[in-house]
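Proteins get letters first, then strands, A, B, ... in listed order; numbering begins at 1 in each.
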Amino acid sequence: MSREDYSKYLETLELPLGASLSEIRKAYQHLKALYSRESIVTLPIEDEISAEVKRQILRQIEEAYQGLLVSFKKEEDTLENEMSSRPAMKNYEQTSVELTTFTGQALRKIRERLNIDLQDIALSTRVQTQYLKDIELENFEALPPEAYTRGFVISYAEYLSLDSKKVVDDYMSRYSAWKDEHEKKM
Amino acid sequence: MIMKAINERNPEIWTIGGGKGGTGKSFVLSSMGICLALQGKRVILIDADLGGANLHTFLGINKPRISLTDFFEKKVLLPDLVVDSGIKNMGLLIGAIHSLSPDGIKYTQKLKLFRHIKKLNADYVLIDLGAGAHFNTMDTFLLADKMIVVIIPEIIAIENLYFFLKNAFFRHVINSLGGHGLRDVVQNAWKNREEHDIKNFSQLIDYLKGLSKTMENIINTKLSDFRAYIILNRINTSQEIMIGNSVKSICKKYFGLNSSYVGYIEFDAVISRCINKRQSYMQAYPASRCAKEIERLTENLLEGRDISTKI
Ligand SMILES: Nc1ncnc2c1ncn2[C@@H]1O[C@H](COP(=O)(O)OP(=O)(O)OP(=O)(O)O)[C@@H](O)[C@H]1O
Ligand SMILES: [Mg+2]
């Protein structure tokens, strides 16, 4: 990516030069929500902006985010290649698309690759950090009743821009298995 | 020689507006003034809410008997109208309720007042404006080195802010077009907007830019030196903090206007109680969360720091 693109993308996401991946991610999520939903901030100018302009803004946001994400991936991969003999992981988006099992551990790995803190997720999803940890550890005993856990996993997956249905179905299948087991014992 | 240079330095001017009434402009401005004064900076607060001057109430003092009227009518010098605010390092200068209805000031008087404000002997001059977007309010707002706007998490306040900023920007352009003999270009474009197929602010901007290279340059220069500093007041939940980011984004992406989000202040019922008791909140509750938030945003304003990525 050229320097020009880099600054243009950051400008689109309204970030200063040198923004971290987690800042980029946060800005992206905030802007995407802002320009695709109605809120007290956008309602007053609803009739001033055409749907086309809005779509264009969303497209630019998406393009900026994807562009920046790739640049981060490249940097990280080179770093990883130099530091270890592990095979370079493929582009994150691609990897997560190919994944079918979303164990707590897998989720944690994806999160860490994205440089996202649990606190970030907690802040935005309002799910307590401890529960997020328990999700990653598949510490089912510590998690709240099924319906809540389900909601938490969905929020978590959405924050990582994963296919939340795929994630939650897979994750909850292990939760249910544990629950059945647990109830049998009782 | 050096001393003289320091004394003759112009004060940094902060103005506070935002369109809607009752969002907390006077409270925030007086509180920021107290923060600066406590840091040892020499501050003068000017109450330019010509319709409803009430800044003294937030400081817990009686309404001063001398006011800007004396500047206009009795030709008293501006520094002689600054009264004691009850707070060390801070003076207060108030507008007058009747003699100075917004339409009442003549253009030349206004320019003279602005000239004298810029020469006041202080580090910071903080000017409180009334609600609304009258052109005199706008011109005073634009006098600032830092133009501050206060919003609250309510749709009308946000709507008024957009209106206010768009007006402020056009006033900013119009004021500089005078020197180019183009004073009426903006008004004419807007008057004939149907003919030019102009439906909103950004189309008007585009139309003006398209008129000539000169116009394009003027608009671009004015866009780049226009910046509003946003304060979000009276928030009730931590989720509302992000409204500041959102408003900033809309201003940029829809109107092309730059702004910085410098801080938020929680809702605190104690604030109105203080006013009723004629106490200054910052002094009565210096350790409260609101007081800390105000200190932080004052610091951010001083440094020109934006909090959007920090939250
Ligand atoms: N953070 C806050 N929490 C609770 N009350 C607040 C807060 N900020 C301001 N207020 C209250 O809101 C009322 C309006 O404040 P203020 O007079 O400063 O608004 P204003 O914008 O200057 O109004 P006007 O446009 O009429 O000049 C005051 O009574 C004040 O006590
Ligand atoms: Mg006021």
Would you say that more than 12 heavy atoms from the other residues, nucleotides or ligands in this model lie under 6.0 Å from the [atom1] of [X], or not?
| X | atom1 | value |
| --- | --- | --- |
| Lys222(B) | NZ | yes |
| Gln39(B) | CD | yes |
| Glu52(A) | CD | yes |
| Lys310(B) | NZ | yes |
| Glu194(B) | CD | no |
| Arg227(B) | CZ | yes |
| Glu216(B) | CD | yes |

Worksheet item: Are Glu48(A) and Ser202(B) side-chain neighbours, meaning at least one heavy-atom pair lies under 4.5 Å?
Response: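 No; the side chains remain at least 4.5 Å from each other.
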
Worksheet item: Is the closest side-chain heavy-atom distance between Ser124(A) and Met242(B) below 4.5 Å?
Response: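 Not touching, per the 4.5 Å side-chain cut-off.
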
Item to complete: Could you check which of Leu15(A), Thr12(A), Ile49(A) has the highest count of heavy-atom pairs closer than 4.5 Å to chain B?
Response: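 When all of Leu15(A), Thr12(A), Ile49(A) are compared, Ile49(A) has the most.
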
Practice prompt. For chain B, find which of Ile45(A), Leu43(A), Val53(A), Leu31(A) contributes the most heavy-atom pairs closer than 4.5 angstrom.
Written response: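 Of the options given, most contacts go to Ile45(A).
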
Practice prompt. Report the residue from Lys253(B), Lys252(B), Lys248(B) that forms a side-chain hydrogen bond (donor to acceptor under 3.5 Å, both in side chains) with Glu14(A).
Written response: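 Exactly one candidate clears the test, Lys253(B).
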
[X] versus chain A, heavy atoms under 4.5 Å apart: side chain, backbone, both or neither?
| X | value |
| --- | --- |
| Ser308(B) | neither |
| Glu154(B) | backbone |
| Phe163(B) | neither |

Practice prompt. State the OG-CD1 distance between Ser39(A) and Ile158(B), to the nearest 0.5 angstrom.
Written response: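 Going from the OG atom of Ser39(A) to the CD1 atom of Ile158(B) covers 7.5 Å.
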
Worksheet entry | Inter-residue atom distance Ile24(A).CD1 - Thr309(B).OG1, 0.5 Å rounding |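 Separation between the atoms: 11.0 Å.
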
Item to complete: Tell me, for Glu23(A) versus chain B, whether the close heavy atoms (under 4.5 Å) come from the side chain, the backbone, both or neither.
Response: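 The answer is the side chain of Glu23(A).
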
Practice prompt. State, to 0.1 Å, how close Tyr254(B) and Ile57(A) come at their nearest heavy-atom pair, and which atoms those are.
Written response: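 Closest heavy-atom pair between Tyr254(B) and Ile57(A): CE1-CD1, 3.2 Å.
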
Worksheet item: For Pro44(A) and Ile155(B), which heavy atoms make the closest approach, and how far apart are they?
Response: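 Pro44(A) and Ile155(B) have their closest heavy atoms at CG-CG1, 3.8 Å.
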
